[in-house]
Amino acid sequence: MQADILIGSPAEALVSNDSVILIIDDNPRSIKALSLLIRDFGQVIFATSGEAGIAMTMKTKPDLILLDVEMPGMNGYEVCRQLKGDVATRSSGIIIVTSHDSVEHEVAALEAGAADFITKPLNAPVVRARVKTQLLVKKQADELHRQAEQDGLTGIYNRRYFDSYFEQEWRRHQRQRSSLGLALVDVDHFKAYNDSYGHQQGDECLRCVALGLKAALRRPGEFVARYGGEEFAVVLPYTDDEELHRFGPWLCEQVRALKIPHGWSEASDFVSVSVGLVSCVAGKICSHTQMLGQADEALYQAKANGRDRAVIATKSSS
Ligand SMILES: Nc1nc2c(ncn2[C@@H]2O[C@H](COP(=O)(O)OP(=O)(O)OP(=O)(O)O)[C@@H](O)[C@H]2O)c(=O)[nH]1
């Protein structure tokens, strides 16, 4: 696994210069001095107040923030607490930079959520070593995060990711009173495929279908995840029934177009999928699990109607 490679590799090789480092400091001279020391580690950007630093963190999602403590208005500890308390910004590592060289200040920095602490006057080798270490920690955390969300066989999002983001999307659409779409996609006669072509070829087939489904998505926010063995789930933000009527058959067509031969399918000469779809407008369906249940019923109907087709859940059952 890649995590093993990360742990076994020299740290130097892992700190690539594609990192983004944000310096938050009200003093332009300090910003300049710091950026000269670390500029070869990546792109260095800056903000001259706590408020501007928080806004910039939201926008740019830096890998690392070098945060001055003594600033007018919001001080560094307060900025640090806010950044660490918000799910949208807490993944950026923070090093507190201060002229106070005392245990109390170091403890305050760590308690505010900082990963490390640098004192002024700056000592170049120390600054570089600490920055490099935190960039390495961030790279490793990103990699672990990616692996935790990824399906090992197909490389698309896994069930865990789906479970948390589908619910999140559902809540967001409920709040905004917009329509959310969901499609459950199941490969037809896949047991026969495995039995005839072998399990390894079956794995390869699932990989191709997963990538085919992913390539079929066009709009921002749409994502496909592996829901179970040979089943996939597609989340379709801001999508209503009218759009599902186009999307369902089109998804079937995209998989058929992969032209993966399936000599033992009763539905088609090529690997095909059945799709169950549902859309939900705020208030119509009372939970995201009900939405899943309805998509599952529609999928069952698509199988019963002959497979290689899409069925949309009827609104009467909403
Ligand atoms: N190769 C491979 N097969 C898998 C994987 N996960 C599930 N399967 C197989 O997928 C098959 C699913 O079979 P069934 O649930 O009977 O469904 P089906 O044969 O596709 O029939 P219908 O869904 O009714 O069209 C089983 O044989 C599972 O072993 C996987 O990761 N790799």
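Atoms within a ligand are numbered from 1 in the order they appear, just like the ligands themselves.
Heavy-atom contacts of G202 reach the following atoms of ligand 1: 1 (N) (cutoff under 4.0 Å). Heavy-atom contacts of R307 reach the following atoms of ligand 1: 22 (P), 24 (O), 25 (O) (cutoff under 4.0 Å). Near L206, meaning under 4.0 Å from one of its heavy atoms, ligand 1 places the atoms 5 (C), 30 (C), 31 (O), 32 (N). Near G229, with a cut-off below 4.0 Å to any heavy atom, the atoms of ligand 1 are 6 (N), 7 (C). Listed by number with element, the atoms of ligand 1 under 4.0 Å from a non-hydrogen atom of D186 are 23 (O).
Comparing heavy-atom distances from atom 20 (O) of ligand 1 across W264, F190, Y193, Y197 singles out F190 as nearest.
A salt bridge is absent between D40 and K132: the closest approach of a Lys/Arg side-chain nitrogen to an acidic carboxylate oxygen does not fall below 4.0 angstrom. Between R146 and D142, no side-chain nitrogen of the basic residue sits less than 4.0 Å from a carboxylate oxygen of the acidic one, so the salt-bridge criterion is not met. With respect to E78 and R81, a salt bridge is recorded, a charged nitrogen being found less than 4.0 Å from a carboxylate O. Between D203 and R207 there is no salt bridge, since no side-chain nitrogen of the basic residue lies less than 4.0 Å from a carboxylate oxygen of the acidic one.
Scanning the protein for heavy atoms near atom 22 (P) of ligand 1, the closest one is K303 NZ, 3.4 Å. In terms of protein heavy atoms, atom 3 (N) of ligand 1 is closest to N194 ND2, 2.8 Å. Taking atom 17 (O) of ligand 1 as the reference point, the nearest protein heavy-atom neighbour is E230 OE2, 3.6 Å. In terms of protein heavy atoms, atom 13 (O) of ligand 1 is closest to K191 CB, 3.6 Å.
An N or O contact shorter than 3.5 Å is missing between A192 and ligand 1 by distance. On a distance-only criterion, V187 and ligand 1 share at least one N/O pair closer than 3.5 Å.
The cationic atom of R226 (NZ for Lys, CZ for Arg) does not lie both less than 6.0 Å from the six-membered ring centre of Y157 and within 45° of the ring axis.
Aromatic ring centres of F270 and H262 lie farther apart than the 6.0 Å criterion allows.
At least one heavy atom of R226 sits closer than 4.0 Å to an atom of ligand 1.
For D203, heavy-atom contacts with ligand 1 shorter than 4.0 Å involve the backbone as well as the side chain.
Checked by atom type, the side-chain pair D86/Q82 shows no donor-acceptor distance below 3.5 Å.
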Candidate pair D186 and R307, rule salt bridge (Lys or Arg N to Asp or Glu O under 4.0 Å), full reasoning: CA-CA 9 Å; D186 189 279; R307 298 177 175 81; over 6 Å; no
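Residues satisfying the side-chain contact (heavy atoms from CB on, under 4.5 Å) criterion with D101, sequence neighbours excluded, are T119.
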